[in-house]
Engineer: 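I have a structure I would like to understand better, so I am pasting it below and will then ask my questions one at a time.
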Amino acid sequence: MFKGIRSKITVIFVLVILFAELIAGTYVTLRLMHSYHHGFDSVLSEVMTDDFKAQLTDTANKVMVHADIDNPEAIVLSEPGEENVQNIKKILLDTALFKTYAGMKLSVLDADGNPIYTNEGTELYKYSDIAAQGLLGNEAEENRLMGKSIEYALPLKYDDSVRFVIYIRDPMTQQNELIRQVIISFMILIPVSVILMIILALVISKNVTAPLRRLSAQAKRLADGDASALSPSTTRDEIGELTDALLYLSESNREHSEKALAEKSKIETILQNMNDGIMAFDENGKLSHINPEAMRLLNRKFVDDITFNKFFKEINADITLESLQYLPTEEAIERQVTINENVLQLSFATSAQPTGGSGIIVIIHDVTKHELLERSRRDFVANVSHELRTPITVIKSYSDMLADTPDAEPEIRTRFLDTISSETDRMARIISDLLTLSSLDENASYTRRPEEIDVRSIIDSLVERLSLTAKKKEQELIYTPINDVPKIKGDRDGFERVLMNVISNALKYTPTGGKIQIFSRTMYNDIIIKVSDNGIGISKDQLPHIFDRFFRVDKARSRDTGGTGLGLAIAKQTIESSFHGKISISSELNKGTDVTITIPLPKK
């Protein structure tokens with residue numbers, strides 16, 4: 001009902017005033033009653049002295065002396081009668097008691113309790129315990145603060161027997177009238193006071209609540225982000241102190257918010273641009289955060305339906321939320337899954353939540369390249385072992401045969417030795433190519449002093465040297481320079497080895513009567529060399545592996561022609577490492593192959 005501060009203050013003011021007036025009225029009434037009773041007691045004690053009581057007793061016991069009619073000489077004593085009562089009445093009415101309390105009632109009772117004199121309109125003394133005490137010979141008084149009347153009884157004795165009882169009773173008419181007046185005054189005063197206090201309370205509460213309302217409105221604007229909503233207070237009261245406190249709080253919150261926003265922005269930027277995927281789940285397994293890299297790695301465009309147990313069951317991660325929630329924070333669990341031919345390593349760790357539970361952080365690493373490199377390493381080791389084992393086996397076999405047949409015919413011995421020499425040369429070529437690749441892998445070519453390279457001159461020289469091989473197979477080997485090619489600097493031997501390998505492959509894999517064309521040109525800021533043939537070509541499924549080490553399109557034929565399967569790998573590594581260029585191959589089975597070498601010109 002009273003929700004506002006203003007209404008509460010008003011009610012408090014009114015209740016305080018009413019309570020104060022009630023206390024004051026009660027105090028005044030009690031003071032009046034106490035004053036009246038005290039005044040009666042004071043007058044009664046002053047009047048009813050021992051001498052005054054003795055005077056009244058003597059008056060009550062006084063007898064009349066007169067002569068007997070029948071015997072005039074005799075003296076007759078008569079009992080006290082009407083004259084005694086009148087004398088008692090006169091003595092009492094002449095005292096200060098009845099002069100002070102005009103409304104006081106007086107009764108003179110005989111020994112039997114019958115009224116000899118009374119000025120009361122009713123015989124209330126018959127029902128008075130005080131009057132009864134007087135008839136018993138006891139002086140008695142009833143003067144209670146909250147009583148209906150004030151009573152006093154004085155027995156007048158003769159020879160220890162009660163002759164008369166003076167019974168005084170004050171019905172407190174004056175007192176009741178005063179109380180009535182006080183009550184009427186309060187009945188008038190209270191409403192007037194309440195009205196005045198309500199007006200005063202409203203004025204005071206308005207002065208209190210108006211600044212509070214204004215401050216509340218400013219605080220709401222401040223909460224909505226309006227930093228200029230509050231201004232420093234010009235007063236030094238509690239409202240001013242509260243305003244200054246809110247200003248300080250606002251400034252402090254603004255600084256903390258700016259720091260928090262900066263940290264949040266920094267963290268979000270880091271998470272959004274990480275090379276690893278990040279996923280966060282709450283204690284119920286609901287996804288709370290995922291960065292773009294995670295969505296890319298997991299091949300997900302929509303994430304609203306992701307829950308921990310369901311999602312990781314779908315990708316066969318073999319892990320549940322329950323198994324992680326009680327995991328120590330310093331430990332992590334790893335799983336490896338494959339999604340769309342990408343190998344992903346998942347690291348699971350727990351994180352404390354504000355609600356007291358444990359959330360889950362999942363870090364996703366793309367280890368596809370690492371796995372491919374590891375596989376390539378294993379394949380490379382296996383291929384090297386295989387390539388070296390074959391000539392070693394041949395050499396060992398022929399050597400053993402020569403050792404076992406010392407008397408073999410010279411022709412056989414010569415053929416065996418030629419085979420051993422040929423396989424030794426093949427092993428030497430393999431080792432030489434491996435050393436070249438190792439040198440290129442370590443960028444050792446950069447340590448060599450660059451030489452000036454005349455591209456056209458080198459191509460002309462290679463065409464002239466290989467023309468005899470082409471003629472043996474009735475092939476056409478044609479070099480066509482399209483425009484001038486500027487000289488460049490770099491590894492001259494490596495560049496010549498690349499062109500030799502490419503042109504030799506074209507001659508090897510082009511059948512008799514085929515055609516090999518070489519073009520060179522400058523286009524924009526690049527030197528482009530293209531070697532085209534109409535040979536056997538390469539199938540589409542083999543093209544992605546054409547630059548792999550020890551890869552051969554036709555393995556049997558490659559070995560027959562002395563190939564090691566490392567030529568194109570060396571060519572690619574040389575062009576990329578030494579010249580920052582690229583080499584690409586396009587081919588169609590049984591139609592021919594195009595090898596394009598692109599070398600960027602140095603910036604001027």
Side-chain angles (χ1 to χ4, degrees), residues 429 433 436 445 450-538 543 546-547 553 557-558 561-564 566-602:
R429 286 196 301 271
D433 288 346
T436 300
S445 59
E451 301 177 72
E452 188 176 73
I453 301 173
D454 187 341
V455 175
R456 182 170 179 176
S457 175
I458 289 177
I459 297 176
D460 284 334
S461 175
L462 291 175
V463 168
E464 182 178 352
R465 285 159 55 186
L466 295 173
S467 59
L468 182 60
T469 303
K471 287 179 180 179
K472 289 180 180 179
K473 295 181 66 175
E474 299 179 1
Q475 297 172 332
E476 290 185 66
L477 180 60
I478 303 171
Y479 171 45
T480 306
I482 298 176
N483 55 20
D484 290 337
V485 177
K487 295 180 180 180
I488 58 176
K489 287 187 177 183
D491 181 6
R492 190 178 187 282
D493 292 339
F495 182 75
E496 186 174 352
R497 184 170 57 245
V498 169
L499 292 179
M500 173 64 78
N501 183 277
V502 172
I503 298 172
S504 297
N505 284 342
L507 292 172
K508 290 176 186 177
Y509 299 109
T510 300
T512 301
K515 186 177 182 181
I516 298 94
Q517 292 180 291
I518 305 171
F519 304 94
S520 66
R521 65 180 299 181
T522 302
M523 180 179 289
Y524 304 113
N525 293 320
D526 296 327
I527 295 175
I528 299 175
I529 302 170
K530 185 176 183 180
V531 179
S532 299
D533 65 63
N534 56 357
I536 61 175
I538 305 170
L543 276 176
I546 198 67
F547 293 107
V553 176
R557 186 174 177 182
S558 296
T561 57
T564 63
L566 297 173
L568 287 178
I570 293 173
K572 183 175 185 294
Q573 194 80 356
T574 300
I575 294 298
E576 290 179 353
S577 300
S578 301
F579 297 95
H580 305 291
K582 61 181 180 179
I583 181 171
S584 61
I585 295 179
S586 60
S587 180
E588 191 172 350
L589 194 62
N590 297 323
K591 289 188 178 181
T593 302
D594 294 334
V595 179
T596 304
I597 300 171
T598 303
I599 299 175
L601 291 172

Engineer: Can you confirm whether Ile597 sits close enough to Leu499 that some side-chain heavy atom of one is under 4.5 Å from a side-chain heavy atom of the other?
Structural biologist: yes
Engineer: Looking only at heavy atoms, which two atoms of Gly514 and Asn534 are closest? And how far apart?
Structural biologist: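 What the structure gives for the nearest pair is CA-OD1, 3.5 Å.
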Engineer: Nearest 0.5 angstrom please: Ser578 OG to Lys489 NZ, how far?
Structural biologist: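 One finds 16.0 Å between OG of Ser578 and NZ of Lys489.
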Engineer: Should we count CG of Asn483 as having more than 12 external heavy atoms under 6.0 Å?
Structural biologist: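 Atom CG in Asn483 is crowded, with more than 12 foreign heavy atoms closer than 6.0 Å.
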Engineer: Within the supplied structure, the quantity of interest is the number of heavy atoms (other residues, nucleotides, ligands) at a distance under 6.0 Å from Glu451 CD; does it exceed 12?
Structural biologist: yes
Engineer: Phe519 pairs by side-chain contact (heavy atoms from CB on, under 4.5 Å) with which of Thr480, Ile478, Ile459, Thr596?
Structural biologist: Thr480
Engineer: What's the shortest heavy-atom distance between Met500 and Leu462, and which atoms?
Structural biologist: CE-CD2, 3.4 Å
Engineer: Evaluate the side-chain proximity of Phe495 to Val455: yes if any heavy-atom separation is below 4.5 Å, no if none is.
Structural biologist: yes
Engineer: Please step through side-chain contact (heavy atoms from CB on, under 4.5 Å) for the pair Val485 and Arg456, ending with a clear verdict.
Structural biologist: CA-CA 7 Å; Val485 177; Arg456 182 170 179 176; 5.5 Å; no
Engineer: Search all heavy atoms of Lys582 against all heavy atoms of Ile575 and return the closest pair with its distance.
Structural biologist: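 What the structure gives for the nearest pair is N-CG2, 3.4 Å.
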Engineer: Is the shortest side-chain heavy-atom distance between Phe547 and Gln573 below 4.5 Å?
Structural biologist: no
Engineer: How long is the straight-line distance from CE of Met523 back to CG of Leu601, given to the nearest 0.5 Å?
Structural biologist: 12.5 Å
Engineer: For a quick test of reading the model, state the closest non-hydrogen atom pair linking Asp454 to Lys487 and the distance between them.
Structural biologist: OD2-CE, 3.7 Å
Engineer: When you compare the side chain of Thr510 with that of Lys515, does any pair of heavy atoms fall below 4.5 Å?
Structural biologist: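 They are not in side-chain contact.
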Engineer: So which atom in Ile570 and which in Arg497 form the shortest heavy-atom distance, rounded to 0.1 Å?
Structural biologist: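 Scanning both residues completely, I find the closest heavy atoms to be CG2-NE, 3.9 Å.
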Engineer: Is it the case that the side chain of Ser467 and the backbone of Glu464 share a donor-acceptor pair, with hydrogens and angles ignored and the cut-off at 3.5 Å?
Structural biologist: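 Yes; at least one donor-acceptor contact below 3.5 Å.
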Engineer: Which atoms form the tightest heavy-atom contact between Arg492 and Glu452, and what is the distance?
Structural biologist: CD-O, 4.1 Å
Engineer: Drop me the distance from Leu543's CG to Ile538's CD1, to the nearest 0.5 angstrom.
Structural biologist: 5.5 Å
Engineer: Distance check, rounded to the nearest 0.5 Å: Ile529 atom CD1 versus Ile458 atom CD1?
Structural biologist: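 The CD1 atom of Ile529 sits 8.5 Å away from the CD1 atom of Ile458.
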Engineer: Looking at CD1 of Ile599 and CD1 of Ile528, how far apart are the two atoms once the value is rounded to the nearest 0.5 Å?
Structural biologist: 10.5 Å
Engineer: So, do Gln475 and Ile516 sit near enough that their side-chain heavy atoms are less than 4.5 Å apart?
Structural biologist: yes
Engineer: NZ of Lys508 to CD1 of Ile536: how many Å apart, nearest 0.5 Å?
Structural biologist: 12.0 Å
Engineer: Can you list the steps and then say if Asp491 with Asp493 is a side-chain contact (heavy atoms from CB on, under 4.5 Å)?
Structural biologist: CA-CA 6 Å; Asp491 181 6; Asp493 292 339; 3.9 Å; yes
Engineer: Check whether any side-chain heavy atom of Ile503 lies under 4.5 Å from a side-chain heavy atom of Leu477, and answer yes or no.
Structural biologist: yes
Engineer: Is the closest side-chain heavy-atom distance between Thr469 and Lys472 below 4.5 Å?
Structural biologist: no
Engineer: I want to check something: taking the side chain as every heavy atom from C-beta on, are Tyr509 and Thr593 in contact at a cut-off of under 4.5 Å?
Structural biologist: no
Engineer: Using the side-chain contact (heavy atoms from CB on, under 4.5 Å) rule, take Phe579 and Ile527 through it: C-alpha gap first, then chi angles, then the decisive distance, then the call.
Structural biologist: CA-CA 11 Å; Phe579 297 95; Ile527 295 175; over 6 Å; no
